Amino acid sequence: MSTQFDVIVIGAGPGGYIAAIRSAQLGFTVACIDEWKNSNGGPAPGGTCTNVGCIPSKALLQSSENFDQAGHHFADHGINIKGLDIDVGKMLARKDQVVKQNNDGILFLFKKNKVTFFHGRASFAAKSDAGYELKISGAAEETVAGKHIIVATGSNARALPGAPFDEESILSNDGALRIQGVPKRLGLIGSGVIGLEMGSVWRRLGSAVTVLEALPTFLGAVDEQIAKEAHKAFTRQGLKIELDVKVGAIKSGKKGVSVAWTNAKGEAQTLEVDKLIVSIGRVPNTIGLNPDAVGLKLDERGAILVDDECKTNLPDVWAVGDVVRGPMLAHKAEEEGVAVAERIAGQHGHVNFNTIPWVIYTSPEIAWVGQTEQQLQAAGVKYKAGTFPFMANGRARAMGDTIGMVKFLADAATDEILGVHIVGPMASELISEAVVAMEFRASAEDIARICHAHPSLSEATKEAALAVDKRTLNF
Ligand code: FAD
Ligand code: NAI
């Protein structure tokens with residue numbers, strides 16, 4: 001006889017563990033099954049985000065930014081440091097500690113919310129009268145049954161054909177987060193989010209970084225004006241970004257990795273590096289889930305097919321996060337997890353896909369919400385644009401961090417905010433105001449009339465809103 005739960009969540013990444021906690025808050029009996037192991041073989045809930053994604057990458061971005069500041073910017077403040085060096089081992093140990101705190105935090109939250117946690121791999125076994133039977137293999141070996149199943153099995157890094165990850169020389173995000181010393185020459189394939197964040201970490205620590213990108217445009221999904229400003233900043237910092245390239249054969253040997261590639265002019269080139277990070281996107285993960293046992297449908301990319309409400313083709317089986325359509329972002333996965341738990345409880349869970357913010361944690365940071373100028377043009381929407389440079393913001397000057405701008409896009413007739421785009425200091429935090437404003441369908445004038453603390457970076461947001469109506473006060 002298998003143990004019966006109202007809700008079983010497969011995967012304890014941000015989609016899964018949040019769905020489990022919200023389900024428990026709503027009064028259901030809940031189990032969450034996750035197979036991730038820490039270095040001792042113990043459970044490490046938190047998924048990609050906690051173990052090899054958001055959290056460790058931000059820990060290394062912080063450490064490397066501190067090093068960069070101490071090496072290149074403290075002197076501007078009259079702080080002189082002699083003999084600055086980096087202990088990579090200590091930096092990595094600190095990052096591991098940050099990850100562990102998050103793993104432990106989730107285990108604590110499960111206990112607090114009475115979520116039963118199983119450490120192992122779940123696979124669909126059968127449909128039964130009680131709902132669905134799942135087989136757990138790993139540290140926990142048993143069969144459990146759930147009336148509702150929420151699949152939150154996440155995604156894996158996509159490898160280049162002919163160049164599998166060995167995590168020694170050819171690295172996915174996993175290996176990229178535990179390089180044991182600063183590589184002299186680092187190559188990256190793909191100038192997307194991971195490419196830019198990981199490239200920044202190792203460039204700041206002293207690597208010569210070359211990024212090879214297939215597309216002719218830099219950060220194609222980002223508003224063009226913002227992407228141009230970011231490109232200028234990254235190039236000035238020393239990131240070598242090659243666009244419009246075709247990557248050919250990749251050979252990995254004792255001396256490093258050799259990448260044959262063709263540049264935009266069609267000329268054959270070779271890139272010799274000590275380590276190569278391949279960051280060309282991620283693929284939905286259903287390995288070991290055995291969806292065929294119950295007839296769970298996947299799409300042609302291997303993602304679980306869901307409707308707008310995260311319902312799969314099977315009654316009472318739901319799927320959220322990276323394993324379904326939509327942006328592969330932790331906060332999107334969390335929002336879907338909450339919404340599904342609430343729908344199971346008969347409530348009206350809701351995710352607004354128009355107001356999901358994006359952040360790239362480089363320096364300067366890049367953050368945006370809503371439509372880009374190019375998307376509005378393509379859709380034939382009449383809009384007004386306003387920008388304000390951080391150069392004209394008092395707090396940014398005091399911080400010595402004046403690169404970048406805030407850009408507002410508002411409907412030409414109604415003034416409703418349609419998109420906000422930021423490149424500059426603390427863009428990751430500043431974007432929240434824009435998300436709130438767009439959720440409440442605010443106009444640019446609404447933001448322009450709100451009192452913002454002085455001196456603060458957020459005054460640049462207010463000024464960009466004023467710029468929509470061509471009436472900035474400080475520029
Ligand atoms: P995951 O976090 O991938 O979790 C899935 C979990 O399911 C895993 O623990 C896995 O072990 C488990 N699992 C899978 N199959 C089974 C099974 N059959 N049985 C049991 N367990 C199973 N997003 C952001 O929003 N901000 C960021 O700053 C950010 N930085 C990132 C940096 C990097 C380097 C990477 C790679 C990603 C980053 N992301 C970021 C993306 C973010 O990590 C993902 O969008 C997020 O983790 C998706 O959450 P999820 O719950 O859908 O899946
Ligand atoms: P990505 O989709 O952001 O970027 C991949 C890049 O690789 C694209 O620019 C693409 O054109 C390029 N590319 C694809 N095939 C190529 C090839 N054969 N040769 C050269 N270039 C090629 O994917 P990435 O960086 O791997 O990250 C995966 C996802 O993880 C992101 O899309 C995002 O959802 C998530 N993530 C989010 C972060 C954040 O929110 N700050 C940080 C890191 C990852």
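This one's a predicted model, so the numbers in the text were calculated from it and none came from an experiment.
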Checking V338, V9, I344 against R22 for side-chain contact (heavy atoms from CB on, under 4.5 Å), the one that qualifies is V338
Heavy-atom nearest pair, A24 first then V30, reads N-CG2, 3.6 Å
query = Any Lys/Arg nitrogen of K407 or E373 sitting under 4.0 Å from an Asp/Glu carboxylate oxygen of the other?
reply = yes
For this session: Decide, yes or no, whether a salt bridge links D6 with K147 under the criterion of side-chain N to carboxylate O below 4.0 Å.
Result: no
I'd like to know if K100 and D96 make a salt bridge, using a cut-off of under 4.0 Å between side-chain N and carboxylate O. no
*side chain to side chain donor-acceptor pair (under 3.5 Å) evaluation trace for Q69 with E65*: CA-CA 6 Å; Q69 287 289 329; E65 178 63 15; 3.0 Å; yes
Answer yes or no: is there a donor N or O on one side and an acceptor on the other, between the side chain of T372 and the main chain of Q375, under 3.5 Å? yes
In terms of heavy-atom contacts, S191 and I241 come closest through CB-CG2, 4.5 Å
Should L171 and F165 count as side-chain neighbours, where that means a heavy-atom distance under 4.5 Å? no
Between the side chain of Q180 and the main-chain N/O of R178, is any donor-acceptor distance below 3.5 Å?
yes
Exercise. Distance-only, no hydrogens or angles: does the K95 side chain make a donor-acceptor pair with backbone N or O of L177 under 3.5 Å?
Worked result: yes
### Query
Can you check whether W36 reaches P45 side chain to side chain, under 4.5 Å on heavy atoms?
no
Margin query: Contact between V257 and I250 at the side-chain level, heavy atoms closer than 4.5 Å - yes or no?
Written below: yes
**Heavy-atom side-chain proximity of V211 to E242 below 4.5 angstrom** = no
Please examine the side chains of W202 and I179, heavy atoms only from C-beta on, and report whether any two atoms are closer than 4.5 Å.
yes
So does T50 get a backbone contact from the side chain of N102, meaning a donor-acceptor N/O pair under 3.5 Å?
no
- Query: With a 4.5 Å limit on heavy-atom distance, are the side chains of W261 and L271 in contact?
  - Reply: yes
Worksheet item: Where the side chain of T262 meets the backbone of V245, is there a donor-acceptor pair that is under 3.5 Å apart?
Response: no
Within 6.0 angstrom of D308 CG, more than 12 heavy atoms from elsewhere: no
Quick one: does Q374's side chain have a donor or acceptor within less than 3.5 Å of a partner on E224's backbone?
yes
Point to revise | Under 3.5 Å: donor-acceptor pair, side chain of D274, backbone of K184 | key: yes
- Side-chain contact, heavy-atom cut-off 4.5 Å: V151 with F124? yes
Worksheet item: Do T362 and E197 get their side chains close enough for a donor-acceptor pair, meaning under 3.5 Å?
Response: no
Carboxylate-amine/guanidinium contact K332 E335, below 4.0 Å: no
* Asked: In this structure, are over 12 heavy atoms from other groups packed under 6.0 Å from E168 atom CD?
  -> no
(Q) Counting C-beta onward and ignoring hydrogens, is there a side-chain heavy-atom pair between N173 and R282 closer than 4.5 Å? (A) yes
| said: Keeping T153 on the side-chain end and N285 on the backbone end, is there a donor-acceptor pair under 3.5 Å? | reply: yes
When you measure from the side chain of H331 to the backbone of P357, do you find a donor-acceptor pair of N or O atoms at a distance under 3.5 Å? yes
